[in-house]
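The next block holds one structure in the form of structure tokens; read it before the comments.
Naming convention: chains lettered A, B, ... in sequence-line order (proteins, then strands); numbering from 1 in each chain. Here the structure is a predicted model, which means the values were calculated and not measured. All values below come from the heavy atoms of this structure, side chains included, with hydrogens, waters and symmetry mates left out.
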There are 2 protein chains.
Amino acid sequence: MSTKNKILDAAEVLFSDKGFNGTSLREITSQAEVNLAAVNYHFGSKKELIKAVMSRYMNELSPRLESALGALCTDEASPTLNDVFSAFIDPLLYLNTFKDNGTSIFLQLLGRGYTDSQGFLRWFLTTQYPGVFTNFTNAVHKAYPELTAEEMFWRLHFTMGTIVFTMSSSDALIDIALNDFERQVDIAGVIRQVIPYVALWCSSAYHQISACHEV
Amino acid sequence: MSTKNKILDAAEVLFSDKGFNGTSLREITSQAEVNLAAVNYHFGSKKELIKAVMSRYMNELSPRLESALGALCTDEASPTLNDVFSAFIDPLLYLNTFKDNGTSIFLQLLGRGYTDSQGFLRWFLTTQYPGVFTNFTNAVHKAYPELTAEEMFWRLHFTMGTIVFTMSSSDALIDIALNDFERQVDIAGVIRQVIPYVALWCSSAYHQISACHEV
DNA sequence: GTCTATAACTAGATAGAC
DNA sequence: GTCTATCTAGTTATAGAC
């Protein structure tokens with residue numbers, strides 16, 4: 001196994017666990033059992049290493065997401081919002097076969113990227129992988145033409161918040177479930193809990209409640 | 001205005017904006033226009049300063065939350081889950097009168113505390129302010145006796161995730177709304193968007209969807 | 001209580017031998 | 001490509017004059 005990959009493997013776990021700011025290059029290289037200077041030799045800087053960690057996942061994820069969402073757009077029949085939402089599941093779970101715990105590591109990294117580094121990762125994703133966003137937007141529009149782009153943006157973001165925050169604190173959640181409820185859950189169990197929760201934004205109940213709160 | 005308060009005021013804004021790890025004592029003291037050594041003189045350490053920042057908010061919030069939730073428990077009539085959820089709104093909005101932007105600063109700090117520092121703040125809150133959690137649990141149990149403590153825990157956490165993540169990235173959201181939709185929103189506008197979304201977990205639709213996803 | 005000066009340490013990055 | 005040694009700049013924290 002190459003030095004480059006040893007660094008990437010150690011980095012993604014530490015980054016997802018302690019954040020980008022909270023992880024030093026020294027921790028990464030000693031975990032990876034490589035020399036400190038190797039990071040700068042292979043990646044140039046810590047920032048480039050972060051990008052490389054994210055790219056390794058995005059390069060697996062984005063073609064699968066793009067085609068799953070694209071298929072919904074080219075279908076004759078209109079998809080439901082539930083179809084759009086479900087299109088994310090297989091590509092995300094594929095990351096688990098690509099790498100142990102890949103799905104949860106990736107989602108945690110995504111969460112870190114939003115909160116840790118003041119939007120640099122958000123910029124990176126939207127500019128480097130725009131196809132995913134376009135196809136998603138188109139699929140939702142086809143599923144639900146009345147929904148404005150703005151409404152979609154808000155709901156998508158809230159959904160992402162739930163998932164990303166849940167995955168970021170999944171260790172704490174698994175702890176609490178074990179200590180307070182004597183319930184042994186794993187990452188997959190957490191995902192099973194969160195899916196019905198986020199599936200709500202596809203539901204009609206949302207519109208009733210939303211209407212009640214308008215001013 | 002005392003040095004201590006100048007430090008607290010500068011610290012809470014920087015912490016909420018850049019995280020606890022991402023903010024140095026030098027940034028805080030130069031923003032507050034006090035000497036670097038003042039932090040350690042008045043608070044002892046950075047960790048104690050973080051606790052003090054959170055305490056200032058929690059000391060305002062917790063008695064109000066405790067009594068609002070406690071009232072629901074002692075009422076003759078059973079509250080609805082919606083009542084329980086609504087009990088949070090006034091105490092949280094009170095933070096805005098206590099301090100400019102207090103509500104959103106506090107919620108952002110809460111989010112930072114979950115993700116930045118690996119659970120130390122979660123520990124601090126649950127051990128220092130247990131009354132809020134007990135009263136919340138009791139109120140929900142009275143509103144909805146069939147709901148197990150475990151189910152409640154999951155839903156509460158997902159709801160918190162949505163709110164906390166939304167508030168943490170509220171600057172990015174306000175930016176996007178302006179640039180992509182030419183819509184001028186402020187923090188209050190973001191809150192108005194998120195309320196109907198999180199109100200869903202009180203709704204009956206949740207149970208239908210939840211049942212569909214059981215295996 | 002407030003300041004200067006500095007200790008003690010950690011960070012990311014690099015030069016240069018091998 | 002990999003290593004040691006080191007640089008520069010940043011961090012928290014403290015000692016001691018005022």
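Within the structure, every side-chain polar atom (N or O) of A:S24 is placed at least 4.0 Å from both OP1 and OP2 of C:dT10. At D:dT2, one or more side-chain N or O atoms of A:T3 fall inside 4.0 Å of OP1 or OP2 (strictly under the cut-off). For B:N35 and C:dG1, the shortest distance from a side-chain N or O to OP1 or OP2 is not below 4.0 Å.
Atom CZ of A:F15 and atom C1' of C:dG12 are 12 Å apart (whole Å). Whole-Å rounding puts the A:E48 CD to C:dT14 P distance at 12 Å. Protein atom CG of B:L36 is 8 Å distant from nucleotide atom P of D:dT12, rounded to whole Å. When rounded to the nearest whole Å, the span between CG of B:N21 and P of C:dA11 equals 12 Å. Between A:K46 atom NZ and C:dT14 atom C1' there is a gap of 17 Å when expressed in whole angstrom units. The CD1-P distance, from B:I7 to D:dT12, rounds to 13 Å in whole Å. Rounded to an integer number of Å, the gap from B:K18 NZ to D:dT11 C1' is 14 Å. Atom CG of B:N40 is separated from atom C1' of C:dT6 by 14 Å (rounded to the nearest Å).
Using a cut-off of 4.0 Å between Lys/Arg side-chain N and Asp/Glu carboxylate O, B:K99 and B:E60 are scored as not salt-bridged.
No donor-acceptor contact under 3.5 Å links the side chain of B:R26 to the base of D:dG10.
In this model, a donor atom of one side chain and an acceptor atom of the other lie less than 3.5 Å apart for B:Y94 and B:R64. Side chains of B:E12 and B:Y57: a donor-acceptor N/O pair is present below 3.5 angstrom, by distance only. Side-chain contact check for B:T159 and A:Y197: at least one donor-acceptor pair (N or O, by modelled atom type) lies under 3.5 Å.
Comparing D:dA13, D:dG1, C:dT2 by their closest approach to the side chain of A:Y41 singles out D:dG1. The listed nucleotides are C:dT2, D:dA13, C:dG12; the one nearest the side chain of A:L25 is C:dG12.
Using a 4.0 Å heavy-atom cutoff across all strands shown, B:T29 reaches no nucleic acid atom at all. Residue A:A37 is in base contact, counting any heavy-atom pair closer than 4.0 Å across all strands shown.
Aromatic ring pairs are classed by plane angle as parallel below 30°, tilted from 30° to 60° and perpendicular above 60°; the pair B:F153 and A:F181 is tilted.
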